[in-house]
Amino acid sequence: MQDLHGYVPAIATPFNDKGEIMEDAFVELFEFLLARGATCVCIAGDNGESWALSAPERGRLVRLAKDTSKGRVPIMMGISAPTIDASVAYIRAAEENGADALLSMPQTYVLKASEAELMGRFDKISVATNKPLVLYNSPRRMGFSLTIDQTEKLLDHHNIIGIKESQRDFFYHTHLLHRLSHRLAVMTGPCHYIMPAFGLGAKGFIATGPEFTDLWPSEMAKVGAGIPDETYRHAHYQLTVLYELLMSLGTWPAAFKAALNLIGLPAGVPRDPVYALASDNIDKIKKTFDQLGISYS
């Protein structure tokens with residue numbers, strides 16, 4: 001897999017009230033995302049509650065996605081972890097079940113990394129796998145941010161094809177796109193940056209929000225790279241409001257799952273330690289959906 005572009009959703013992992021994975025529901029979610037124009041699907045991302053998934057469970061979901069896809073789209077799997085041993089276990093599960101690419105933050109939980117620690121982590125990942133890597137820069141998950149210099153250094157030494165850029169600073173996005181968009185696929189993370197980022201050279205997005213918009217995710221690149229018109233402005237406004245809404249309610253991804261359930265998709269409930277969204281917050285989603293013209297049941 002070398003062509004990373006377009007709509008790459010991080011699929012939710014549907015759990016029932018006992019914390020069991022509902023495989024039929026996963027397949028339904030997967031087909032919904034493909035129908036919306038997904039060009040690749042990411043397993044065990046933040047939306048998939050990666051922190052609650054074991055290596056065998058990740059592998060099983062990759063295999064289920066591969067069997068469902070039947071070659072229609074490639075499958076990416078998250079391998080981020082505090083320790084290299086845990087990341088390698090995830091790599092093995094991904095490889096054994098046919099994942100096409102791997103998504104990785106630097107070491108998580110420790111909340112910082114020296115230059116040597118950061119580079120050493122990716123050196124070890126590259127020793128463990130030949131799969132294409134997609135960096136994941138998420139300061140709120142990592143406790144720090146990759147610098148653009150560090151991203152370029154990693155790109156120089158590893159099989160990196162893209163980056164999910166979740167910096168909430170558009171100055172940073174602007175400089176990253178200007179400097180490196182010709183060398184790797186910059187995939188926008190915060191959904192309220194999707195439309196303007198396309199105008200600056202982003203290749204696509206790994207973001208939450210396009211599941212619900214009037215503009216299909218498969219059309220966002222064309223509209224985003226064009227002259228801003230009413231379609232652009234409407235999509236950007238919906239994405240902005242959806243981001244503000246879903247990020248403000250409950251513990252992630254409780255609000256995302258509740259919103260998916262409202263539009264008739266079997267997202268289930270979060271797995272421990274995250275609780276399902278409270279009814280008063282579900283009412284807030286309904287109110288915002290009404291304001292945005294998004295249908296729900």
Side-chain angles (χ1 to χ4, degrees), residues 1-6 8 10 40 42 44-46 50 76-88 90-91 101-207 221 224-225 243:
M1 176 182 174
Q2 294 297 326
D3 185 18
L4 183 65
H5 70 282
V8 181
C40 174
C42 181
D46 295 342
S50 59
M76 184 188 305
M77 196 193 92
I79 62 165
S80 303
T83 68
I84 187 60
D85 286 347
S87 284
V88 169
Y90 298 151
I91 289 169
L102 305 172
L103 177 73
S104 184
M105 284 187 267
Q107 47 269 50
T108 55
Y109 183 73
V110 290
L111 302 182
K112 65 182 296 185
S114 68
E115 188 80 1
E117 290 165 342
L118 173 65
M119 297 303 159
R121 168 53 63 93
F122 283 94
D123 288 342
K124 292 172 182 175
I125 288 173
S126 288
V127 168
T129 184
N130 292 320
K131 292 286 184 183
L133 298 175
V134 179
L135 297 176
Y136 182 10
N137 186 35
S138 179
R140 70 191 184 94
R141 295 285 185 196
M142 295 154 43
F144 65 97
S145 175
L146 291 173
T147 67
I148 298 174
D149 285 343
Q150 288 171 334
T151 300
E152 185 170 36
K153 188 173 181 179
L154 290 168
L155 183 60
D156 288 339
H157 293 94
H158 302 285
N159 184 22
I160 292 168
I161 62 170
I163 182 169
K164 177 183 177 181
E165 185 49 70
S166 290
Q167 258 277 9
R168 297 182 182 184
D169 177 355
F170 203 69
F171 292 109
Y172 184 98
H173 283 254
T174 300
H175 289 293
L176 175 69
L177 286 161
H178 177 76
R179 185 161 152 189
L180 294 179
S181 63
H182 66 292
R183 293 192 59 196
L184 82 169
V186 177
M187 307 295 286
T188 307
C191 70
H192 56 306
Y193 290 168
I194 289 174
M195 303 304 284
F198 272 125
L200 296 176
K203 293 293 191 300
F205 49 97
I206 305 175
Y243 187 89

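- Using a 4.5 Å cut-off on side-chain heavy atoms (C-beta onward), Phe198 and Phe205 make contact.
- Taking 4.5 Å as the limit, some side-chain heavy atom of Leu102 sits within range of a side-chain heavy atom of Thr129.
- In the displayed structure, Asp156 atom CG is contacted under 6.0 Å by more than 12 heavy atoms of other residues, nucleotides or ligands.
- Rounded to the nearest 0.5 Å, atoms OG1 (Thr151) and CG (Asn137) are 6.0 Å apart.
- Each of Tyr193, Tyr136, Tyr172 was checked for a side chain to side chain contact (heavy atoms under 4.5 Å, CB included) with Glu165, and the lone residue meeting it is Tyr172.
- Distance check, rounded to the nearest 0.5 Å: CG of Leu184 to CD of Glu152 gives 10.0 Å.
- Across all their heavy atoms, Ser145 and Gln167 have their closest contact at OG-NE2, 3.0 Å.
- Distance CD1/Ile206 to CG/Leu4: 6.0 Å, rounded to 0.5 Å.
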- Message: Test side-chain contact (heavy atoms from CB on, under 4.5 Å) on His173 and Leu200; report intermediate values, then the result.
- Response: CA-CA 9 Å; His173 283 254; Leu200 296 176; over 6 Å; no

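- To the nearest 0.5 Å, atoms OH (Tyr90) and CG (Asp85) are separated by 11.5 Å.
- Closest of all the heavy-atom pairs between Lys112 and Phe144 is CA-CD2, 3.5 Å.
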- Message: The test is side-chain contact (heavy atoms from CB on, under 4.5 Å); show your working for Leu103 and Ser80 and say whether it passes.
- Response: CA-CA 7 Å; Leu103 177 73; Ser80 303; 5.7 Å; no

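- Side-chain contact check for Arg179 versus Asp149: some heavy-atom pair is nearer than 4.5 Å.
- Residues Leu146 and Pro106 approach most closely at CD2-CG, 3.9 Å, considering heavy atoms.
- Of the options Lys164, Met76, Lys203, a side chain to side chain contact (heavy atoms under 4.5 Å, CB included) to Val8 is made by Met76 and by none of the others.
- Nearest heavy-atom pair across Ser181 and Gly201 is CB-O, 3.9 Å.
- Distance check: Leu154 CG to Leu133 CG gives 9.5 Å after rounding to the nearest 0.5 Å.
- Across all their heavy atoms, Ala207 and Thr188 have their closest contact at CB-O, 3.9 Å.
- In this structure, Phe170 and Ala197 approach most closely via the heavy-atom pair CZ-N, 4.2 Å.
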With a 3.5 Å cut-off and sequence neighbours excluded, list the donor-acceptor pairs that the side chains of residues 116-127 form with protein atoms.
unit_1 : atom_1 : unit_2 : atom_2 : d
Glu117 : OE1    : Ser114 : N      : 2.8
Glu117 : OE1    : Ser114 : OG     : 3.3
Arg121 : NH1    : Ala81  : O      : 3.0
Arg121 : NH2    : Pro82  : O      : 2.7
Asp123 : OD1    : His158 : NE2    : 3.3
Ser126 : OG     : Phe122 : O      : 3.3
Ser126 : OG     : His158 : ND1    : 2.6

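- Here CD1 of Ile79 is found 4.0 Å from OG of Ser104. Values are rounded to the nearest 0.5 Å.
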